[in-house]
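Below, chain A is the first sequence line, B the second, and so on; all start at residue 1.
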Amino acid sequence: MIDPQRIADAPDEVKAHLVKRHEDPHTLADVDAIVALSERRRELISERDELRATRNALSKQIGALFKEGRRDEAEVLKTQVQSGNARIEVLEHELEVVDGDRSRLCMGLPNLLHPSVPEGKGDEDNVEIRTWGDPRGQPGDGESHVEIGTRLGILDLERSAKLTGSRFWVLVGAGARLERALINYFLDLHVHEHGYTEVMVPYLVHRSAAEGTGQLPKFGQDMFRLAEPLNGADAFLIPTAEVPVTNLHRGEILDEAQLPLRYVAFTPCFRSEAGSAGRDVRGLIRVHQFHKVELVWITTPEQAEASHQQLVGHAEAALQQLRLPHRVVELCGGDVGFSATRCYDLEVWLPSQGYREISSCSHFTDFQARRMSLRYRPTSEGKKAKPRHAHTLNGSGLAVGRTLVAILENNVQPDGTVTIPEVLRPYMGGLEVIAPVGA
RNA sequence: GGAGGUGUGGCCGAGUGGUUGAAGGCAGCGGUCUUGAAAACCGCCAACCCGCGAGGGUUCGAGGGUUCGAAUCCCUCCGCCUCCGCCA
């Protein structure tokens, strides 16, 4: 979340960011509410602490009097403390309400935007940074991955529907193997060529973890939630590895020398896709369960922006080695995600539909770190450096299913077969071409 | 699932109702000494909240309770460890 102190000190500045994000007017009103609640909170804390200071002093006296055997005098002081405690209880009750309201509102505000974020309302206003490769044909010209995959017998959407309805998939034979090859290739690329540490993490997380990265409290409808508590707490299927991986160090104070921490994780991702009815209903583009290899950085504020560029480069390297045409766009104010200050999307060329997002690389400043109390102790600036919130970043490296789609659509040959990108062949037992089953 | 144990500062580890926010040690930082380093010795070293500041408050797994006062007593939950059972 945004530093509540900053909201109280410069509410208009915060509102300007919200306007650039095209947030609702009532979100702007929340800023004013936070300012008022902060003021009341301060008053309550002052008065309560004063009373507690008095109580602590009197209690100390009572202890001394008891030791000296002056019981009567002690009893008088006891009565005095008890009346103070009554007042403290009233103040604490109000403080609990005020504090709860304030933090609820703070948790609901999106991050401040980086100054370079372009103006704009939606994805049509995103700014193209660079393109790579030669897109084949016009959007819509190409055969869709559903047709290609079904014809080759490697994608079976009818049978997946028998299991779990729409927005699921079954891959068969070379299709399943291609999915697995991509996972292994991505992990090897980022571990061996880019120096990430591979981690495997839980696919279920508690509410607190999802709050830490910002999926909650606002976007609970996008996640699948367990009907029963898990180890005593509300739990969700992860929508992305970002959640468990970034939360790995929640509540810790890291040494600056340990930074940057760079993790790569392969996980399935589960999304309820509530509210996306009618969009991308066919095929593998928008599904309830998909695979993703995710890159996560924990670093210092000073290094974060350079890290962000490197992160984008690492994701882009995968597309380039696979020879998939793509472009990099910077998201406009209205399109940057809730937790991010700035975001680059990698969009792969799909002959059947044009450019589609295949990776989203975000810088979160200290927004997530503050929510999960993730800090580091600076060592560079002398002895008694206070802990500071770290900066977190992440990006897909890449979304596996969409990569498979891109390979099918971009590499389909006039004879209907699909050539496998060279870098994947070692992962496919040397297979070079996917031909129809039985052909 | 059954039985028992345990949870203290960056780490280890004392502490069972009253100057204990917490002994001691390690690590770290500064200094003395040294040509330099090591060793030895001296000193400093938690986080968060409110406050311009002085200062005050909170925090000993989490939450609740008892008490004038709780790291210390009671209850619930969570984590970890050991044994038994079950299981991929």
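- C81(B) sits 25 Å from C75(B) when the P atoms are compared, rounded to a whole Å.
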List every contact pair, protein side and nucleotides 64-66 of chain B side both N or O, where the distance is under 3.5 Å.
none

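- Nucleotide C49(B) holds its P atom 22 Å from the CD atom of E47(A), rounded to whole Å.
- Distance, D49(A) CG to C49(B) C1': 8 Å, rounded to whole Å.
- Atom CG in L77(A) sits roughly 14 Å away from atom C1' in G18(B) (whole-Å rounding).
- No close placement of the Y376(A) and H389(A) rings is indicated, their centers lying 6.0 Å or farther apart.
- Pair assignment for U58(B): A47(B), on the basis of Watson-Crick or G-U wobble contacts that are both within less than 3.5 Å.
- When the P atom of U67(B) is taken as reference, atom CZ of F66(A) falls 14 Å away, rounded to whole Å.
- Taking the side chain as every heavy atom from C-beta outward, V31(A) and I7(A) approach each other to under 4.5 Å.
- Applying the 4.0 Å criterion to OP1 and OP2 of U67(B), one finds that K78(A) has every side-chain N and O outside that range.
- Nucleotide C41(B) is matched to G31(B) when pairs are restricted to Watson-Crick or G-U wobble geometry with both distances under 3.5 angstrom.
- Here, C73(B) and C86(B) have their P atoms 37 Å apart, quoted to the whole Å.
- When only modelled atom types and interatomic distance are considered, R262(A) and T197(A) share no side-chain donor-acceptor pair under 3.5 Å.
- Annotation: of the two residues near RNA chain B, K60(A) and T54(A), the 5′-most nearest-nucleotide partner is K60(A).
- Counting to the nearest Å, the P atom of C48(B) and the CZ atom of R388(A) are 13 Å from each other.
- With A47(B), C78(B), C49(B) as the candidates, the nucleotide lying closest to the side chain of N231(A) is C78(B).
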Please enumerate all protein N or O atoms sitting under 3.5 Å from an N or O of nucleotides 69-72 of chain B, with distances to 0.1 Å.
from, atom 1, to, atom 2, distance (Å)
G69(B), OP1, N85(A), ND2, 3.4
G69(B), O4', S59(A), OG, 3.3

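- The base-pairing partner of G9(B), taking Watson-Crick or G-U wobble contacts with both distances under 3.5 Å, does not exist among the strands shown.
- G61(B) and U8(B) have their P atoms separated by 6 Å, given to the nearest Å.
- For CD of E422(A), the number of neighbouring non-hydrogen atoms (other residues, nucleotides, ligands) closer than 6.0 Å is 12 at most.
- The distance from atom CG of L95(A) to atom P of C48(B) is 19 Å, rounded to the nearest whole Å.
- Both distances falling under 3.5 Å, in either a Watson-Crick or a G-U wobble arrangement, place U82(B) opposite A3(B).
- OP1 or OP2 of G28(B) has not a single side-chain nitrogen or oxygen of R377(A) nearer than 4.0 Å.
- The 5' end of RNA chain B is approached more closely, in terms of each residue's nearest nucleotide, by R375(A) than by the other of R375(A) and E50(A).
- When the P atom of G17(B) is taken as reference, atom CD1 of I62(A) falls 19 Å away, rounded to whole Å.
- Salt bridge status for D101(A) with R104(A): present, with a side-chain N to carboxylate O gap under 4.0 Å.
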| request: Show your reasoning for whether ring pair (Phe, Tyr, Trp, His ring centres under 6.0 Å) applies to H288(A) and F168(A). | output: CA-CA 6 Å; H288(A) 287 311; F168(A) 284 89; 5.4 Å; yes

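- A23(B) and G30(B) have their C1' atoms separated by 24 Å, with the value rounded to a whole Å.
- For the C1' atom pair drawn from C11(B) and U67(B), the interatomic distance equals 35 Å after rounding to whole Å.
- Comparing the P positions of C12(B) and C80(B) gives an interatomic distance of 16 Å, to the nearest angstrom.
- As rounded to the nearest Å, U76(B) and A22(B) have P atoms that lie 33 Å from one another.
- Side-chain atoms of H206(A) and S208(A) include no donor-acceptor pair closer than 3.5 Å.
- Under the 3.5 Å distance criterion, with hydrogens and angles disregarded, no donor-acceptor pair is assigned to the side chains of E305(A) and H363(A).
- Atom CG in L44(A) sits about 13 Å away from atom P in C50(B), given to the nearest Å.
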Distance-only check: which donor-acceptor pairs under 3.5 Å involve side-chain atoms of residues 209-219 of chain A, not counting sequence neighbours?
from, atom 1, to, atom 2, distance (Å)
T213(A), OG1, A209(A), O, 3.2
T213(A), OG1, Q215(A), OE1, 2.6

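- Classified by interplanar angle (parallel below 30°, tilted 30° to 60°, perpendicular above 60°), the ring pair H190(A)/H194(A) is tilted.
- Atom name C1', nucleotides G21(B) and C77(B): the rounded distance is 26 Å, in whole Å.
- Taken from OH in Y344(A) to NE2 in H308(A), the straight-line distance is 6.0 Å, to the nearest 0.5 Å.
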